[in-house]
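Chain identifiers are assigned alphabetically (A, B, ...) following the order of the sequence lines, protein sequences preceding nucleic acid strands; residue numbering begins at 1 within each chain.
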Amino acid sequence: ETGVTQTPRHLVMGMTNKKSLKCEQHLGHNAMYWYKQSAKKPLELMFVYNFKEQTENNSVPSRFSPECPNSSHLFLHLHTLQPEDSALYLCASSHGGARTGELFFGEGSRLTVL
Amino acid sequence: SQKIEQNSEALNIQEGKTATLTCNYTNYSPAYLQWYRQDPGRGPVFLLLIRENEKEKRKERLKVTFDTTLKQSLFHITASQPADSATYLCALSMNNNAGNMLTFGGGTRLMVKP
């Protein structure tokens, strides 16, 4: 139990569906992240929120839309995805504004796009 | 371009031996480097952090070295056990105020045989 909870753990969706991934952290952190992990590729940083403000959007297509209503919750809204978007989506948190310190990851949401 | 390289081939060793994993990087001047462990279908778990002005860090059976001249980090597990079998990721961070901006390598899979 890392203190970062992701739901759902598994999601299958068609290309025309709209779905959302949810992340919640109980660690009192102020920074939250979305990473994408595809087979045989390194973890790719997608979005960073620091004190609820988006500080990084790593050239992610607009079909992925993040939302951070408060420091404890992070969403990834999915719309008209492509099969190549199938991957493990990992949420992480850390102390906000800090330049050091580890990331605490959730267990991930395994997304399959048909 | 910036690149982080870890041996993509699995490392197979016998129980009790020392496992040594390598992380090389180019075109980076990282402020610090981290190592994570990832089990199949799970999120990465933080193991160790080493800063640019540190040569070596230890934690129980784990040891990390950081050579900024060679642009290399070595990760050692002494007296390895089958339970150490997992994928190990290195991650580098630049000095940045916008949260913890880690870039990950592709990971090396370690298999410890009894």
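- With a 4.5 angstrom heavy-atom cutoff, L89(B) touches chain A only via side-chain atoms.
- Using a 30° and 60° split on the angle between ring planes, Y88(B) and F75(B) fall in the tilted class, from 30° to 60°.
- Between the side chain of D39(B) and the main chain of R42(B), no donor-acceptor pair closer than 3.5 Å is present.
- No donor-acceptor pair closer than 3.5 Å links the side chain of R37(B) to the backbone N or O of F46(B).
- Taking every heavy atom of both residues into account, V4(A) and F104(A) meet most closely at CG2-O, 3.5 Å.
- Of all residues spanning residues 61-69 of chain A, none has a heavy atom less than 4.5 Å away from chain B's heavy atoms.
- Judged purely by atom type and a 3.5 angstrom limit, T78(B) uses its side chain to pair as donor or acceptor with the backbone of R61(B).
- For a residue to count as touching a neighbouring chain, one of its non-hydrogen atoms must lie under 4.5 Å from one of that chain's; by this rule Q6(B) does not touch chain A.
- No donor-acceptor distance shorter than 3.5 angstrom exists from the side chain of S94(A) to the backbone of L103(A), with no hydrogens or angles considered.
- In this structure, chain B has a heavy atom under 4.5 Å from the side chain of L90(A), while its backbone stays farther away.
- Between Y35(A) and the choices Y89(A), F105(A), F47(A), the side chain to side chain contact (heavy atoms under 4.5 Å, CB included) rule is met once, by F105(A).
- Q37(A) touches chain B through its side chain: at least one heavy atom from C-beta onward sits under 4.5 Å away, while N, CA, C and O do not.
- For the pair T108(B) (side chain) and N7(B) (backbone), a donor-acceptor distance under 3.5 Å is present.
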